[in-house]
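Counting starts at 1 for both ligands and their atoms, in listed order.
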Amino acid sequence: MKPAPFDYHAPQSLAEATGLLARLDNAKVIAGGQSLGPMMNFRYVIADHLVDLGGIAEIAGITLAGDTLRIGAMTRQRELEFSDLVARRCPLLKAALKQVGHRQTRNRGTFGGSVAHFDPASEQPMMCAAHDAVIEIASARGVRRVPFAQFGLDFMTTALAPDEILAAIEIPLWPQGHGWGFHEFARRHGDFAIVASAALLTLGPDGRIVRASLTLAGVAVVPVRLREAEAALVGRAPEPAVLGAAADLAGAIEPLADIHASVDYRRHLARVLTERALGDAAARAAARTTP
Ligand SMILES: Cc1cc2nc3c(=O)[nH]c(=O)nc-3n(C[C@H](O)[C@H](O)[C@H](O)COP(=O)(O)OP(=O)(O)OC[C@H]3O[C@@H](n4cnc5c(N)ncnc54)[C@H](O)[C@@H]3O)c2cc1C
């Protein structure tokens with residue numbers, strides 16, 4: 001199928017783009033087009049106006065400001081995958097990006113496009129949840145910053161209003177020497193995860209866990225932080241029994257079932273993948289070799 005007819009707009013600045021969204025009816029922004037293109041071709045989405053963000057340099061690129069990684073929404077997934085800065089300071093993100101689609105889709109697909117699209121099995125919103133990211137949103141009314149926990153509202157539904165553009169994602173970095181682990185199960189390489197699990201750990205001078213972040217994707221309509229399991233880890237030595245008990249809590253979630261996997265199978269994957277992610281994170285934290 002072909003998309004329904006639309007008018008194409010190519011703004012060169014964020015102000016021009018937000019101005020277009022403020023005055024045009026039934027307008028949609030296009031970033032990498034890797035999700036929107038198929039949706040328009042199938043006519044799940046029928047837009048009268050397409051506002052292409054591809055020419056807006058001010059919302060692309062990766063910068064470090066203090067201990068915060070700022071990712072412009074239009075940064076291509078492939079650029080993040082090969083960024084030295086990301087590899088050194090945010091290695092969990094690099095590991096997760098390698099599982100996103102194929103190199104062809106990562107060449108075009110953007111980090112902001114994926115976060116705005118908000119697929120519950122996507123690794124990119126999951127990374128925002130794992131790192132407590134802050135989402136910067138622009139419109140003709142100004143700029144607002146939304147903690148990621150308040151950004152995702154429901155299945156593929158975010159706090160973005162129709163006239164708003166996701167401008168940047170800010171990721172507070174974990175200290176050098178933190179441990180990380182990422183595991184996912186998909187039917188084929190490049191498919192969306194059936195379940196993905198991400199772990200971040202920091203150890204204190206006495207070798208005990210001082211901070212933990214555990215996140216699952218593919219189990220619910222939004223990425224899920226396992227707060228109870230995180231709390232159970234803090235103050236404990238990262239021994240197999242302690243990590244296993246936290247993984248048991250991951251396996252006790254109430255996941256959704258669909259044609260890809262049952263509730264029981266997703267619980268099994270959540271437990272096993274979390275145990276593996278935690279094991280990797282603990283080993284890396286103990287070696288204090290973040291990348
Ligand atoms: C074969 C294939 C396999 C894939 N596998 C995976 C996978 O394993 N994991 C994964 O995470 N993704 C996967 N994807 C999706 C891919 O990552 C997309 O790139 C991503 O979902 C959307 O990013 P985009 O830049 O292409 O956005 P687009 O397709 O251009 O836009 C997606 C949606 O977000 C909106 N949007 C985009 N940018 C903004 C913005 N800045 N502000 C407000 N709204 C915006 C658009 O209006 C649209 O509704 C796959 C895609 C394909 C084609």
Side-chain angles (χ1 to χ4, degrees), residues 3 6 8-9 11 14 17-18 20-21 24 26-42 44-61 71-81 93 95-130 135-139 143-144 146 151-152 155-169 182 184-196 198 215 217-218 222-223 260:
F6 56 84
Y8 176 79
H9 306 264
L14 188 56
T18 53
L20 284 166
L21 291 186
L24 296 173
N26 192 26
K28 198 88 182 127
V29 300
I30 184 163
Q34 297 302 296
S35 297
L36 186 59
M39 290 193 301
M40 290 181 71
N41 285 343
F42 283 119
Y44 290 138
V45 174
I46 297 179
D48 291 319
H49 300 273
L50 211 55
V51 177
D52 188 348
L53 303 182
I56 307 178
E58 70 203 87
I59 57 167
I71 303 172
M74 282 302 293
T75 309
R76 310 283 170 183
Q77 295 154 7
R78 198 89 169 133
E79 188 182 339
L80 285 159
E81 185 187 343
L93 174 58
L97 279 162
K98 285 186 175 174
Q99 302 298 324
V100 174
H102 309 270
R103 68 180 66 173
Q104 293 87 347
T105 63
R106 296 197 294 273
N107 271 331
R108 295 298 305 161
T110 65
F111 194 71
S114 176
V115 174
H117 190 57
F118 206 61
D119 189 299
S122 170
E123 295 83 356
Q124 291 154 97
M126 179 194 194
M127 288 300 105
C128 294
I135 309 298
E136 189 176 291
I137 296 172
S139 72
V143 172
R144 64 188 181 112
V146 179
F151 177 74
F155 178 72
M156 299 185 82
T157 306
T158 70
L160 284 167
D163 67 341
E164 287 183 319
I165 291 175
L166 196 164
I169 298 100
F182 182 83
E184 79 169 42
F185 177 75
R187 284 196 182 279
R188 298 168 304 186
H189 174 73
D191 281 5
F192 278 92
I194 290 179
V195 176
T215 312
V222 298
H260 302 295

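- From the protein, the heavy atom lying nearest to atom 52 (C) of ligand 1 is Thr105 CG2, 3.7 Å.
- Looking at Met74 against ligand 1, nothing comes within 4.0 Å, counting heavy atoms.
- Looking at atom 24 (P) of ligand 1, its nearest protein heavy atom turns out to be Gly32 N, 3.5 Å.
- In terms of protein heavy-atom proximity, atom 37 (C) of ligand 1 is closest to Gly113 CA, 3.5 Å.
- Residue Arg106 does not touch ligand 1, judged by heavy-atom distances below 4.0 Å.
- Residue Ile30 approaches ligand 1 through these ligand atoms, each under 4.0 Å from one of its heavy atoms: 30 (O).
- Nearest to atom 20 (C) of ligand 1 among the protein's heavy atoms is Ser35 OG, 3.4 Å.
- With a 4.0 Å cut-off on non-hydrogen atoms, Asp191 touches ligand 1 through its backbone and not its side chain.
- In terms of protein heavy atoms, atom 14 (N) of ligand 1 is closest to Phe192 CZ, 3.5 Å.
- Ligand-side atoms of ligand 1 in range of Gly101: 3 (C), 4 (C), 5 (N), 6 (C), 7 (C), 8 (O), range being under 4.0 angstrom from any heavy atom.
- Ligand 1 has an N or O atom lying under 3.5 Å from an N or O atom of Gly33, backbone or side chain.
- Not a single N or O atom of Arg108, backbone or side chain, sits closer than 3.5 Å to an N or O atom of ligand 1.
- With a heavy-atom cut-off of 4.0 Å, Leu160 touches ligand 1 through its side chain alone.
- Of all the atoms in ligand 1, the ones that sit under 4.0 Å from a non-hydrogen atom of Leu166 are 40 (C), 41 (N), 42 (N), 43 (C).
- Listed by number with element, the atoms of ligand 1 under 4.0 Å from a non-hydrogen atom of Gln99 are 8 (O).
- Within ligand 1, the atoms closer than 4.0 Å to a non-hydrogen atom of Ser114 are 20 (C), 21 (O), 22 (C), 23 (O), numbered from 1 in the order shown.
- Nearest protein heavy-atom neighbour of atom 47 (O) of ligand 1: Val29 O, 2.6 Å.
- The closest protein non-hydrogen atom to atom 17 (O) of ligand 1 is Gln77 NE2, 3.2 Å.
- For ligand 1, one of its N or O atoms has an N or O atom of Lys28 under 3.5 Å away.
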